[in-house]
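Both counts, for ligands and for their atoms, begin at 1 and track the order of listing. Values below: every heavy atom of this structure, side chains too, minus hydrogens, waters and symmetry copies.
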Amino acid sequence: MPELFANRRICTNEERLQWFREAKFGMFIHWGVYAQLAGSWKGKEIPGIGEQIMRFGSIPAVEYREICKDFNPVKFDADEWVSIAKDAGMKYIVITAKHHDGFAMYHSHCSPYNIVDATPYAHDPMKDLAAACQKHGVKLCFYYSHYQDWDDPDGVVKGTQWDTTYPEDKKVFERYMNQKAIPQITELLTQYGPVGLLWFDTPGDLSRYNAQRFNDLVHAIQPECIVGPRVSNDEDLGDYIGYRDNQVPSGSNPLPWETCATMNDTWGFKKQDTNWKSPATLIRLLVSIAAKGGNYLLNVGPTAEGKIPPESVERLHIIGEWLRRNGEAVYGCRGGLIPYESEWGAATGKGETLYLHLFDWNSGKFVFIGLKNRVKSAKVLSTGETLSFRQEVQTDMGVNKLIIDLPETCPDPYVSVIALELDGEPEIDVALTDRDGALSLTGISAKRLSASGEPGFMLAKSGIVENWNRTEDYLSWEFVLTEAGDYRVSLHTFTEKDPEQHPDMSWEGGHEFVISCAGQEIAFTVTDDKRTHPRDLFLWEDVETRCGVLHIEKPGKYTLSLTPKKIEYQKGLGPKVKGVELQAVKGE
Ligand code: FHN
């Protein structure tokens with residue numbers, strides 16, 4: 001019996017998640033023999049994500065196996081990879097030990113289809129990574145495709161089928177479980193020392209029974225090892241909450257959670273994908289996720305030679321530089337101080353310090369609304385420069401205002417952090433208030449109500465209101481508007497850019513709604529007036545409907561409700577609502 005079995009002890013979820021809660025930032029590594037193809041097959045560029053070129057290029061398993069014969073990552077240097085992660089401020093790495101293609105990137109004794117036995121490289125990179133992680137104090141974690149295996153005679157091929165050699169009707173999933181998946185996970189948990197997290201993927205139609213077997217296996221071998229949320233489609237299995245790829249929720253979640261994300265548009269190395277996110281986008285995503293209480297698992301796709309692409313290294317270094325100056329406002333910080341998104345940036349807290357992460361530095365002043373504490377001091381976190389400020393209460397509206405004077409020079413490109421010493425732990429009145437004439441009323445901050453008792457619609461963990469198929473269900477918000485005048489009102493719904501992959505999320509318009517506020521009613525039909533593709537949302541698009549104009553006679557507290565009059569069912573979807581936006585009409 002392996003030694004780790006012998007050391008088995010009981011470990012609570014809280015204990016095993018302690019490091020994860022503090023970590024905030026990790027490196028996802030998609031590395032496999034697919035890197036050899038770099039996005040092309042037989043001289044043709046294959047559309048789709050790099051690590052799934054076997055599927056997108058309909059490459060038969062017998063031909064795909066030939067790729068291994070040339071896979072020789074002689075430039076792989078575990079120390080270099082882990083140092084890049086450490087320099088970026090990442091606290092854990094999650095590397096693909098086996099992706100859907102079925103190829104083990106470590107020395108597996110139960111399948112010869114592995115990097116040691118099937119490639120000229122004949123060396124186990126996971127051994128080196130385990131040693132480098134130990135040396136640098138970075139947690140080693142493994143990704144394992146537990147349900148899909150496009151090479152195993154009994155493995156699942158989800159969705160579109162192609163010639164994977166083995167007839168579907170002869171497959172016995174239990175045989176794959178018992179002869180490959182369970183033994184390989186056991187190897188991963190017994191050959192490389194402590195493993196921080198087992199990151200499962202695409203549970204598909206995996207039965208509850210089998211998902212539970214994977215879950216229990218991990219905890220039985222290494223009680224401290226976290227089980228990733230995609231072990232099952234059932235939300236109660238897995239030790240933390242996982243969002244979909246590149247999906248950042250629009251509000252905070254008090255449970256430990258993670259978003260995994262690409263740095264360009266793919267995971268596995270793909271030469272043609274040069275759509276790199278900017279350092280500003282990456283740092284703002286890291287900050288927004290931390291402020292909502294989550295972890296950011298950012299991907300790199302090393303080449304077949306074993307190098308992390310220079311575009312990724314460069315961006316990671318910039319993030320690391322930013323974290324060296326501002327990491328105090330990220331690591332081990334409390335999220336959820338403001339439970340919804342703020343246009344100006346984000347807030348985190350630690351003890352009696354509140355950190356305001358400003359995405360734009362508009363020299364002059366910054367007004368923060370809702371802070372109930374007395375501020376003892378304010379400074380720029382990265383430079384220590386003291387800032388002057390004053391606090392006032394607008395009593396008629398009950399709005400607390402903190403006005404901070406900002407010097408000319410922006411201290412940090414991308415995001416500047418102001419650290420406020422308070423008279424106690426941060427207490428923020430999260431009543432919704434406009435800022436510079438704009439106000440977002442999102443699903444997260446709405447009351448979900450129904451004229452007939454229990455509302456039938458739901459708030460998905462992404463923050464989108466879904467299953468809205470009854471006209472008696474409606475949304476309502478209470479908020480403060482600090483300026484009188486006209487406000488343009490728009491509704492934001494969501495659609496899927498790739499309806500084939502997630503057909504449930506494609507868009508349907510034609511619904512009729514009424515917005516009621518300040519004694520006025522705006523009736524409108526949901527139309528596709530403007531589409532935007534938020535860079536961080538990858539497959540999702542925002543569809544804006546311009547509803548009309550609301551007149552606000554005087555500043556004060558208001559209630560706005562969004563009530564459907566008719567819901568279109570042609571595709572049987574109903575509206576997927578992100579929220580309503582108010583924007584002051586200025587100078588017209
Ligand atoms: O199908 C995989 C995909 O190739 C990639 O590994 C991502 C990373 O989260 N997971 C699956 C899709 O969600």
Side-chain angles (χ1 to χ4, degrees), residues 26-35 37-39 46-59 64 92-105 141-151 155-162 164 181 197-206 211 214 226-233 235 238 240-249 257-270 273 277 285 289 294-302 312 461-462 496-505 536-540:
M27 178 185 269
F28 211 176
I29 307 176
H30 273 71
W31 195 42
V33 289
Y34 39 79
L37 301 179
I46 304 295
I49 38 186
E51 73 287 358
Q52 292 201 19
I53 192 167
M54 186 177 175
R55 171 207 294 284
F56 287 107
S58 300
I59 306 176
Y64 190 84
Y92 59 113
I93 64 169
V94 181
I95 178 155
T96 45
K98 185 200 84 170
H99 204 266
H100 310 330
D101 65 359
F103 187 81
M105 287 295 286
C141 311
F142 291 124
Y143 168 110
Y144 190 88
S145 172
H146 60 321
Y147 178 65
Q148 293 200 72
D149 190 309
W150 302 338
D151 184 81
V156 172
V157 179
K158 228 178 96 185
T160 337
Q161 304 288 311
W162 72 101
T164 50
L197 157 63
L198 220 308
W199 213 99
F200 294 102
D201 204 3
T202 61
D205 297 325
L206 186 70
F214 284 120
I226 298 169
V227 173
R230 296 192 191 171
V231 67
S232 162
N233 285 317
E235 293 210 343
Y240 63 91
I241 308 288
Y243 286 89
R244 285 160 86 166
D245 296 350
N246 287 295
Q247 185 186 35
V248 181
W257 64 269
E258 180 184 64
T259 285
C260 63
T262 49
M263 214 184 282
N264 44 0
D265 286 338
T266 187
W267 306 89
F269 179 68
K270 190 168 176 178
D273 184 357
K277 290 175 188 155
L285 274 169
I289 290 171
N295 283 12
Y296 187 31
L297 183 63
L298 181 58
N299 185 71
V300 297
S312 301
K461 63 182 181 184
S462 56
E496 181 63 48
K497 266 191 82 192
D498 179 4
E500 219 174 86
Q501 212 181 334
H502 301 289
D504 57 316
M505 285 294 285
D536 51 328
L537 285 177
F538 193 42
L539 290 173
W540 277 263

Could an N or O of ligand 1 be found under 3.5 Å from any N or O of [X], whether backbone or side chain?
X    : value
W267 : no
H99  : yes
T202 : no

Query raised in the report: How far apart are the C-alpha atoms of T262 and N246, what are their side-chain angles, what is the distance that settles it, and do they pass the side chain to side chain donor-acceptor pair (under 3.5 Å) test?
Result: CA-CA 7 Å; T262 49; N246 287 295; 3.3 Å; yes
Query raised in the report: What part of Y34 sits under 4.0 Å from ligand 1 if we count only heavy atoms: the side chain, the backbone, both or neither?
Result: neither
Requested in this report: Under 4.0 Å, heavy atoms only, figure out whether ligand 1 is touched by the backbone of K158, its side chain, both or neither.
Outcome: neither
Query - Closest candidate by heavy atom, reference atom 10 (N) of ligand 1, pool T96, D101, N246, D201 - result: D201
**Report entry** Nearest-option assignment for atom 2 (C) of ligand 1, heavy atoms, candidates H100, R55, H30, E51
**Finding:** H100
Query - Heavy atom of Q148, distance to ligand 1 below 4.0 Å - result: no
Query raised in the report: Under 4.0 angstrom from ligand 1, any heavy atom of R244?
Result: no
Query - Partner of W199 by side-chain contact (heavy atoms from CB on, under 4.5 Å), out of C141, S145, C260 - result: C260
Report task. Using the six-membered ring wherever Trp is involved, compare the ring planes of W267 and H30 and label them parallel, tilted or perpendicular (cut-offs 30° and 60°). Result -> tilted
Query raised in the report: Which of these, F103, W162, F56, sits in a ring pair (Phe, Tyr, Trp, His ring centres under 6.0 Å) with W150?
Result: W162
Requested in this report: Please confirm whether the backbone N or O of H99 pairs with a side-chain atom of Y143, one donor and one acceptor, at under 3.5 Å?
Outcome: no
Report task. Without swapping roles, check the side chain of H146 against the backbone of V231 for a donor-acceptor pair under 3.5 Å. Result -> yes
